[in-house]
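Before any comments, here is the structure.
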Amino acid sequence: MISSRVPSGPVSVLVTGAASGIGLACARRLLTAGHRVALVDRDADRLTAALVELAAGDAASRHVADLTDPASVATTVADALAVHPGLSAVVNAAGAIRAGTAASTSDADWRWNLDTNASSAFYVCRAVLPGLVAAGGGAIVNIASLTALRPIPDRAGYAAAKGAVIAFTRQLALEYGPHGVTANTICPGAIRTPLLAARFDREPEVERDLAGRIPLRRTGEPDELAALVELLVAGDCRYLTGQTISVDGGLSLV
Ligand SMILES: NC(=O)c1ccc[n+]([C@@H]2O[C@H](COP(=O)([O-])OP(=O)(O)OC[C@H]3O[C@@H](n4cnc5c(N)ncnc54)[C@H](O)[C@@H]3O)[C@@H](O)[C@H]2O)c1
């Protein structure tokens, strides 16, 4: 019988979008817990700053890549595997938004949203899966968005891309469960990362209004989401797969 591999001791995790926000919080939390992390991002300067801040020595490695480019992803995953041969998990947190309604979204922005948020996760998973299968299992966590489940205006391309992430992750869980690989999606609500913080700092009333609608009455901190990621990729939570979990302070309830 094949069973999901239960990680014992330190694991090696590839985290995308690791130069900022949620990805950086995941890297920080995993490294603090004694795990090893390959940090991947397209922003070379912020990735360098992240490595300096994390001060994790050779437990952390730095990989600059544009994840919308499949060739760049293949090279990057190979580099990460050279540093962390026992890689057993992936967290796809890279993503970004180009806003627009269905009518106002250009062809280029539609494709950009799909490439940045969905194709990137596909390229990374495709490159990493053979190693996870060969190792007898592993864990994949893909970060989508509450927007995919609970639409907000002006997010046509972004919401569609994050919806694709959810469907793709369920597909992974079905296809790779027999190889011991779990795959789950996390949908953040409003998490205070650079993606949102700049607007909140400029217009505090926007954050106040939003917080007033969230059952927990506040926006979330990146580390509160990273706590779940740690459980999924390095904890004993190995019988959970194919699920879509909202980390949103209850926003999906209202
Ligand atoms: N912050 C929130 O409230 C929130 C809500 C819903 C969903 N999300 C999702 O969570 C994830 C993390 O968001 P965040 O808030 O930490 O944003 P962020 O902007 O702080 O970090 C995203 C990181 O992804 C990187 N990135 C973007 N495109 C890339 C590419 N093509 N190749 C390589 N790296 C790339 C960026 O350089 C950046 O460092 C994203 O997928 C985002 O869509 C965030």
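One-based numbering, in listed order, for ligands and for the atoms of each. Atoms considered below: every heavy atom in the structure, side chains included; atoms not considered: hydrogens, waters and symmetry mates.
Contacts of Ala144 with ligand 1, taken as heavy-atom pairs under 4.0 Å, involve the backbone alone. Residue-level proximity to ligand 1 for Thr16 is absent, since no heavy atom of it falls below 4.0 angstrom.
Applying the 4.0 Å criterion to heavy atoms of Ala190 picks out, from ligand 1, the atoms 3 (O). The contact set between ligand 1 and Ala94, taken as ligand atoms under 4.0 Å from a residue heavy atom, comprises 24 (O), 26 (N), 34 (N), 35 (C), 41 (O). Under a 4.0 Å criterion applied to the non-hydrogen atoms of Gly95, ligand 1 contributes the atoms 22 (C), 24 (O), 27 (C), 40 (C), 41 (O). Atoms of ligand 1 found under 4.0 Å from any heavy atom of Gly21 (numbered from 1 in listed order, with element): 16 (O), 20 (O). For ligand 1 and Thr116, the ligand atoms under 4.0 Å from any heavy atom of the residue are 28 (N). Taking every non-hydrogen atom of Lys162 and a distance limit under 4.0 Å, the qualifying atoms of ligand 1 come out as 40 (C), 41 (O), 42 (C), 43 (O). Which parts of ligand 1 touch Leu196 is read off a 4.0 Å heavy-atom cut-off, strictly below it: atoms 2 (C), 3 (O). For ligand 1, the atoms sitting less than 4.0 Å from at least one non-hydrogen atom of Asp66 are 30 (C), 31 (N), 32 (N), numbered in the order shown with element in parentheses.
Heavy atoms of Ala25 stay at 4.0 angstrom or farther from ligand 1. For the pair Gly189 and ligand 1, a heavy-atom separation below 4.0 Å is found. Look at Arg192 and you'll find every heavy atom at least 4.0 Å from all atoms of ligand 1. Residue Ser120 places every heavy atom at 4.0 Å or more from ligand 1.
When the shell of 6.0 Å around CZ of Arg170 is examined, it contains 12 or fewer heavy atoms from other residues, nucleotides or ligands.
One finds a salt bridge joining Asp223 and Arg29 here, because a Lys/Arg side-chain nitrogen approaches an Asp/Glu carboxylate oxygen to under 4.0 Å. Residues Glu207 and Arg192 are paired through a salt bridge, judged by an N-O separation under 4.0 Å between the basic side chain and the carboxylate.
Using a 3.5 Å distance cut-off with no hydrogens or angles, the side chains of Ser12 and His35 do not pair a donor with an acceptor. Residues Thr101 and Asp154 bring no donor and acceptor atom of their side chains to less than 3.5 Å of each other. Residues Ser252 and Asp248 have side chains that bring a donor and an acceptor to within less than 3.5 angstrom of each other. Defined by atom type and a distance below 3.5 Å, a donor-acceptor pair is present between the side-chain atoms of Thr185 and Thr169. Under 3.5 Å, the side chains of Thr75 and Ser72 contain no donor-acceptor pair of N or O atoms.
Note: Asp109 CG to Leu114 CG = 11.5 Å, rounded to the nearest 0.5 Å.
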